[in-house]
S.K.: 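First, the structure itself, so that you have it in front of you.
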Amino acid sequence: MENKPVMDAADIEKNKGLAIVAYIIFFIPLLAAKDSRFAMYHANQGLLLLLTALILNLISGLIPIIGWFIIMPLGNLFVFILFIIGIINAAGGKARPLPLIGKINIIPLP
């Protein structure tokens, strides 16, 4: 059984826009909606996505040839797919974790 955070319907409707923005600039919901569980959840997911992209690009940049031409393009495609999934979840009012990385909590929910 999956452990999903409990979200209030009014909170979701009020903060959908900020939840979507969290995937582009994760810290905006931290400033604008720090009392919203929904916005903070997606801010956490956005931060995880940013860290994943940074780590993948750092590692692939250090590995000659294979990293540059295989790991980096596939890693960036993976991050882009997660980005789209996150935006779809936020726009749909869902608090689903991103595949592979979404279960990690860096930002605590209010």
Side-chain angles (χ1 to χ4, degrees):
M1 186 169 157
E2 195 171 315
N3 188 10
K4 290 184 183 179
V6 178
M7 302 289 167
D8 179 36
D11 179 29
I12 292 170
E13 284 305 314
K14 182 180 175 189
N15 293 297
K16 270 187 189 179
L18 284 172
I20 293 168
V21 169
Y23 290 94
I24 301 164
I25 306 172
F26 80 91
F27 62 85
I28 297 295
L30 296 175
L31 301 172
K34 53 186 154 199
D35 294 329
S36 167
R37 289 179 63 84
F38 186 69
M40 295 299 274
Y41 177 82
H42 286 287
N44 182 69
Q45 297 292 295
L47 176 59
L48 290 172
L49 194 57
L50 173 66
L51 293 174
T52 301
L54 289 173
I55 291 167
L56 279 172
N57 282 294
L58 178 68
I59 291 170
S60 62
L62 294 174
I63 302 171
I65 311 301
I66 294 171
W68 302 333
F69 298 112
I70 297 173
I71 298 172
M72 190 176 293
L74 291 177
N76 285 329
L77 178 63
F78 171 71
V79 168
F80 181 71
I81 291 169
L82 292 180
F83 173 76
I84 297 299
I85 291 170
I87 288 179
I88 290 170
N89 286 339
K94 298 174 185 158
R96 286 191 188 140
L98 293 172
L100 298 178
I101 64 169
K103 302 238 184 217
I104 302 167
N105 288 320
I106 297 173
I107 301 171
L109 293 177

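For reference, positions follow the sequence shown, starting with 1.
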S.K.: Hey, any chance I20 and I84 share a hydrophobic cluster, counting ILVMFWY side chains that come within less than 4.5 Å of each other, even indirectly?
M.R.: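 In one cluster with I20: I84, yes.
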S.K.: Do I85 and I25 belong together in a cluster built from hydrophobic side chains that touch within less than 4.5 Å?
M.R.: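 Looking at the clustering, I25 is in the same group as I85.
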S.K.: Looking at CE of M40 and CG of L47, how far apart are the two atoms once the value is rounded to the nearest 0.5 Å?
M.R.: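 One finds 10.5 Å between CE of M40 and CG of L47.
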S.K.: Do I106 and V21 sit in one hydrophobic cluster, given that two such residues count as connected whenever their side-chain heavy atoms are within less than 4.5 Å of each other, even indirectly?
M.R.: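 Linked within one cluster.
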S.K.: Just verifying a value: how many Å separate I81 CD1 and L98 CG, rounded to the nearest 0.5 Å?
M.R.: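 Going from CD1 on I81 over to CG on L98, the span is 12.0 Å.
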S.K.: Kindly work out whether a path of hydrophobic side-chain contacts (I/L/V/M/F/W/Y, heavy atoms less than 4.5 Å apart) joins F78 to I88.
M.R.: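 Looking at the clustering, I88 is in the same group as F78.
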S.K.: What closest approach, in Å, do G61 and W68 show between heavy atoms, and which atom pair accounts for it?
M.R.: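 Where G61 meets W68 most closely, the heavy atoms are O-NE1, 3.1 Å.
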S.K.: Please name the pair of heavy atoms, one in Y23 and one in F83, separated by the smallest distance, quoted to 0.1 Å.
M.R.: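 Taking every non-hydrogen atom into account, O-CE1, 3.4 Å.
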S.K.: Do you know which two heavy atoms are closest between A39 and A33, and how far apart they sit?
M.R.: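 Taking A39 first and A33 second, the nearest heavy atoms are CB-CB, 3.9 Å.
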S.K.: Donor-acceptor check, side chain of N89 to backbone of A95, threshold 3.5 angstrom: yes or no?
M.R.: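 A pair under 3.5 Å: no.
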S.K.: Identify the heavy atoms of I71 and S60 that sit nearest to each other, and give their distance.
M.R.: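 Nearest pair, atom of I71 first, then S60: CG2-CB, 3.6 Å.
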S.K.: Kindly indicate, with the supporting measurements, whether the criterion side-chain contact (heavy atoms from CB on, under 4.5 Å) is fulfilled by R37 and D8.
M.R.: CA-CA 8 Å; R37 289 179 63 84; D8 179 36; over 6 Å; no
S.K.: Determine whether L100 and T52 satisfy the following criterion, side-chain contact (heavy atoms from CB on, under 4.5 Å), listing intermediate values before the conclusion.
M.R.: CA-CA 10 Å; L100 298 178; T52 301; over 6 Å; no
S.K.: Once rounded to the nearest 0.5 Å, what's the spacing between atom CG of L82 and atom CG of L77?
M.R.: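 CG of L77 is found 9.5 Å from CG of L82.
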S.K.: For a 4.5 angstrom cut-off between non-hydrogen side-chain atoms, does S36 reach Y41?
M.R.: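 Not touching, per the 4.5 Å side-chain cut-off.
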S.K.: May I have the step-by-step check of side-chain contact (heavy atoms from CB on, under 4.5 Å) for N105 and N44, ending in yes or no?
M.R.: CA-CA 7 Å; N105 288 320; N44 182 69; 3.6 Å; yes
S.K.: So which heavy atom on P73 is nearest to which on G67, and how close?
M.R.: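 For P73 and G67, the tightest heavy-atom pair comes out as CD-O, 4.4 Å.
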S.K.: Is there a side-chain contact between I28 and L18 (heavy atoms, below 4.5 Å)?
M.R.: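 A side-chain contact exists here, since the closest heavy-atom pair is under 4.5 Å.
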S.K.: Taking atom CG of L58 and atom CG of L51, what is their separation to the nearest 0.5 Å?
M.R.: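 Reported value, rounded in 0.5 Å steps: 12.0 Å.
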S.K.: Between R96 and Q45, what is the shortest heavy-atom contact and its length?
M.R.: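 It is O-OE1, 4.2 Å.
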S.K.: Has L62 got more than 12 heavy atoms of other residues, nucleotides or ligands less than 6.0 Å from its CG?
M.R.: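 Yes.
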S.K.: Please report the interatomic distance CG(L48) to CZ(F26), rounded to the nearest 0.5 Å.
M.R.: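 Reported to 0.5 Å precision, the distance equals 10.0 Å.
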S.K.: Linking I/L/V/M/F/W/Y whenever any side-chain heavy atoms sit under 4.5 Å apart, do I59 and M72 land together?
M.R.: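 Each belongs to a different hydrophobic cluster.
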S.K.: Examine distances only and state if a side-chain atom of H42 and a backbone atom of I87 form a donor-acceptor pair shorter than 3.5 Å.
M.R.: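 Side chain of H42 to backbone of I87: no pair is present.
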S.K.: Rounded at 0.5 Å granularity, tell me how far CD1 in I24 sits from CG in L50.
M.R.: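 If we round to the nearest 0.5 Å, I24:CD1 and L50:CG are 13.0 Å apart.
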